[in-house]
Amino acid sequence: MDVKTIMVVGAGQMGSGIAQVCAMAGYHVFLHDISQAQIDKGLANIEKLLSRQVEKGKMTEEEKAATLSRLTPSTDLQNAAQVDLVIEAIVENMDVKTKLFAELDQIAPPHAILATNTSSLPITEIAAATKRPEKVIGMHFMNPVPVMKLVEIIRGLATADEVYETIEAITRKLNKVPVEVNDFPGFISNRVLMPMINEAIYALYEGVATKEAIDEVMKLGMNHPMGPLTLADFIGLDTCLYIMETLHEGFGDDKYRPCPLLRKYVKAGWLGRKTGRGFYTYE
Ligand SMILES: CC(=O)CC(=O)SCCNC(=O)CCNC(=O)[C@H](O)C(C)(C)COP(=O)(O)OP(=O)(O)OC[C@H]1O[C@@H](n2cnc3c(N)ncnc32)[C@H](O)[C@@H]1OP(=O)(O)O
Ligand SMILES: NC(=O)C1=CN([C@@H]2O[C@H](COP(=O)(O)OP(=O)(O)OC[C@H]3O[C@@H](n4cnc5c(N)ncnc54)[C@H](OP(=O)(O)O)[C@@H]3O)[C@@H](O)[C@H]2O)C=CC1
């Protein structure tokens with residue numbers, strides 16, 4: 001299928017990154033959010049990252065201007081009527097996502113693919129909120145989107161082969177590497193990553209070591225680019241908690257129980273880098 005126009009729903013850290021790489025690859029992109037302030041922040045961040053590419057000689061001023069001209073801000077979901085593909089990147093909550101997918105199903109043209117960037121929720125359940133489950137698919141980007149090469153692609157029970165192939169081709173056009181994974185809670189990425197992060201939070205909670213020591217062990221000892229607590233702050237502690245809850249509920253296994261300290265921080269509004277405070281504080 002020929003995709004020319006994309007809507008990215010959710011202009012947070014993932015949505016703005018996804019919109020950026022899609023616009024860089026030549027797609028026309030609506031960057032949609034319920035909050036104009038969030039869109040302004042997302043677009044300002046894209047502009048900053050593109051300027052840095054120009055400074056480093058990795059992109060010309062003309063390419064930057066052309067990329068920005070392909071991005072259209074949107075606070076009206078009716079704009080989805082003009083697109084061939086929607087990539088959803090809103091909060092990691094099944095009720096909110098299914099409500100959005102039901103709305104998108106009403107608005108988007110019949111041929112349009114509805115993809116979700118969910119990091120853990122079942123694609124099949126999201127697809128069931130629509131009358132086009134064969135056109136719903138998981139397209140899971142990694143953070144920071146402009147840098148990370150992987151896109152996990154997850155078929156729901158009803159996803160059509162043609163839809164999978166289209167998403168795989170788009171992933172390659174974005175200069176990323178697609179890896180197919182089955183529809184189970186947390187897929188592969190977060191089934192493996194998030195229990196490690198949760199265990200690091202337990203180690204802090206139990207006083208096994210300081211946060212700095214925990215991060216240093218994993219950085220210097222395992223060559224991870226970021227320690228697990230720094231990474232949790234980077235991902236967002238709310239997102240980490242929602243993923244652990246999906247694993248816990250989805251597998252019914254106590255080995256996935258979220259650490260009480262993680263819950264406490266999220267309740268306090270300490271969501272990590274995006275709110276200026278998590279395990280660490282940020283300017
Ligand atoms: C939760 C989920 O569902 C799934 C997930 O996404 S889990 C999270 C997965 N991501 C990770 O694990 C990230 C781990 N961290 C890293 O890989 C690295 O620390 C990092 C890439 C973020 C930064 O790398 P670094 O070498 O320490 O920093 P730095 O040298 O400043 O940056 C390297 C490049 O990344 C870019 N970059 C860094 N942070 C960036 C950001 N937030 N957004 C966009 N680009 C960024 C820089 O501009 C630089 O680009 P160039 O090579 O073009 O110059
Ligand atoms: N953070 C990460 O490392 C990764 C996250 N993901 C997944 O990507 C998704 C987004 O995460 P992330 O970008 O970190 O989250 P953010 O909190 O940064 O961004 C989410 C954005 O979606 C907006 N939003 C919420 N509800 C709606 C809605 N109904 N319609 C339109 N916009 C809405 C929010 O607005 P407001 O703030 O006003 O509520 C916010 O701007 C989640 O599903 C997450 O699991 C996937 C890979 C990695």
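The basis for the numbers below is simple: all heavy atoms, side chains too, and nothing from hydrogens, waters or symmetry mates. Numbers for residues simply follow the sequence, beginning at 1. In each ligand, atom 1 is the first atom listed, and ligand 1 is the first ligand listed.
There is a protein heavy atom less than 4.0 angstrom from atom 41 (O) of ligand 2. Note that atom 19 (O) of ligand 1 has protein non-hydrogen atoms nearby, at separations under 4.0 angstrom. Proximity of atom 35 (O) of ligand 1 to the protein is indicated by at least one non-hydrogen atom lying closer than 4.0 angstrom. Put simply, atom 28 (O) of ligand 1 has no protein non-hydrogen atoms near it, under 4.0 Å away. Less than 4.0 angstrom separates atom 36 (P) of ligand 2 from none of the non-hydrogen atoms of the protein. Inside a 4.0 Å radius of atom 45 (N) of ligand 1 there is at least one protein heavy atom.
With a 4.0 Å heavy-atom cut-off, ligand 2 is reached by the backbone of Q13 and by its side chain too. Counting heavy atoms closer than 4.0 Å to ligand 2, residue K274 contributes side-chain atoms (C-beta onward) but none from N, CA, C or O. Only the backbone of F141 comes within 4.0 Å of ligand 2, counting heavy atoms alone; no side-chain atom from C-beta on gets that close. Contacts of T116 with ligand 2, taken as heavy-atom pairs under 4.0 Å, are absent altogether. At a 4.0 Å heavy-atom cut-off, ligand 2 touches I34 through backbone and side chain alike.
A 4.5 Å side-chain heavy-atom check between V21 and N175 finds every atom pair outside the cut-off. With contacts defined as side-chain heavy-atom distances shorter than 4.5 Å, the pair I214/L204 qualifies. Under the 4.5 Å side-chain criterion, counting only non-hydrogen atoms from C-beta, L68 is in contact with L50. Residues M7 and L77 have side chains in contact (heavy-atom distance under 4.5 Å, counting atoms from C-beta outward). Between E134 and V163 the shortest side-chain heavy-atom distance does not fall below 4.5 Å.
Ranking the protein heavy atoms by distance from atom 8 (O) of ligand 2 puts N117 ND2, 3.0 Å first. The protein heavy-atom contact nearest to atom 8 (C) of ligand 1 is N143 O, 3.7 Å. Scanning the protein heavy atoms around atom 41 (C) of ligand 1, the nearest turns out to be P144 CB, 3.4 Å. When only non-hydrogen protein atoms are considered, atom 17 (O) of ligand 1 lies nearest to P225 CG, 3.6 Å. Atom 7 (S) of ligand 1 has as its closest protein heavy atom L193 CD2, 3.5 Å. For atom 53 (O) of ligand 1, the closest non-hydrogen atom of the protein is K58 NZ, 2.6 Å. Among protein heavy atoms, atom 38 (C) of ligand 1 sits closest to V147 CG2, 4.5 Å. Protein heavy atom in closest approach to atom 50 (O) of ligand 1: K56 NZ, 3.7 Å. Counting only heavy atoms of the protein, atom 23 (C) of ligand 2 lies nearest to D33 OD2, 3.4 Å. Atom 5 (C) of ligand 1 has as its closest protein heavy atom M142 SD, 3.7 Å.
Atoms of ligand 1 lying under 4.0 Å from any heavy atom of S119, numbered from 1 in the order shown and given with element: 3 (O). Close approach of ligand 2 to V9 (heavy-atom distance below 4.0 Å) involves ligand atoms 31 (C). Near I235, meaning under 4.0 Å from one of its heavy atoms, ligand 1 places the atoms 1 (C), 7 (S). Taking every non-hydrogen atom of N190 and a distance limit under 4.0 Å, the qualifying atoms of ligand 1 come out as 1 (C), 2 (C), 3 (O). Near Q38, the atoms of ligand 2 lying under 4.0 angstrom from a non-hydrogen atom of the residue are 37 (O), 41 (O). For ligand 1, the atoms closer than 4.0 angstrom to any heavy atom of Q53 are 53 (O). Of all atoms in ligand 1, numbered sequentially from 1 with element shown, those under 4.0 Å from a heavy atom of R52 are 48 (O). Close contacts of ligand 1 with M226, meaning ligand atoms under 4.0 Å from a residue heavy atom, involve 14 (C), 15 (N), 19 (O), 22 (C). Ligand-side atoms of ligand 2 in range of K97: 42 (C), 43 (O), range being under 4.0 angstrom from any heavy atom. Residue L231 has at least one heavy-atom neighbour below 4.0 Å for each of these atoms of ligand 1: 8 (C), 11 (C), 12 (O). Which parts of ligand 2 touch H140 is read off a 4.0 Å heavy-atom cut-off, strictly below it: atoms 46 (C), 47 (C). Every atom of ligand 2 is numbered from 1 in the order shown, and the set under 4.0 Å from a heavy atom of T239 is 44 (C), 45 (O). Within ligand 1, the atoms closer than 4.0 Å to a non-hydrogen atom of L49 are 44 (C), 45 (N), numbered from 1 in the order shown.
Because its NZ or CZ atom is not both nearer than 6.0 Å to the ring centre of Y27 and within 45° of the ring axis, K4 does not count as a cation-pi partner of that residue. Geometrically, R155 engages Y164 in a cation-pi contact, judged by NZ or CZ lying under 6.0 Å from the ring centre and within 45° of the ring axis.
Looking at ligand 2, you won't find any N or O of V96 less than 3.5 Å from one of its N or O atoms. Of the N or O atoms in H32, none lie within a sub-3.5 Å distance of an N or O in ligand 2. Residue E88 has no nitrogen or oxygen atom sitting less than 3.5 Å from a nitrogen or oxygen atom of ligand 2, judged on distance alone. Polar contact check, M14 against ligand 2: a nitrogen or oxygen pair lies under 3.5 Å apart. In terms of polar-atom proximity, T239 is not counted as a contact of ligand 1, lacking any N or O under 3.5 Å from an N or O of the ligand.
Side chain to side chain, D84 and H111 meet the donor-acceptor criterion of an N or O pair below 3.5 Å. A side-chain donor from one of D233 and Y282 sits under 3.5 Å from a side-chain acceptor of the other.
Comparing A89, P144, G42 by heavy-atom distance to atom 10 (C) of ligand 2, the nearest is A89. For atom 32 (N) of ligand 2, the choice among V145, L77, I90 with the nearest heavy atom turns out to be I90.
For the ligand labelled ligand 1, residue Q13 lies outside the 4.0 Å heavy-atom shell.
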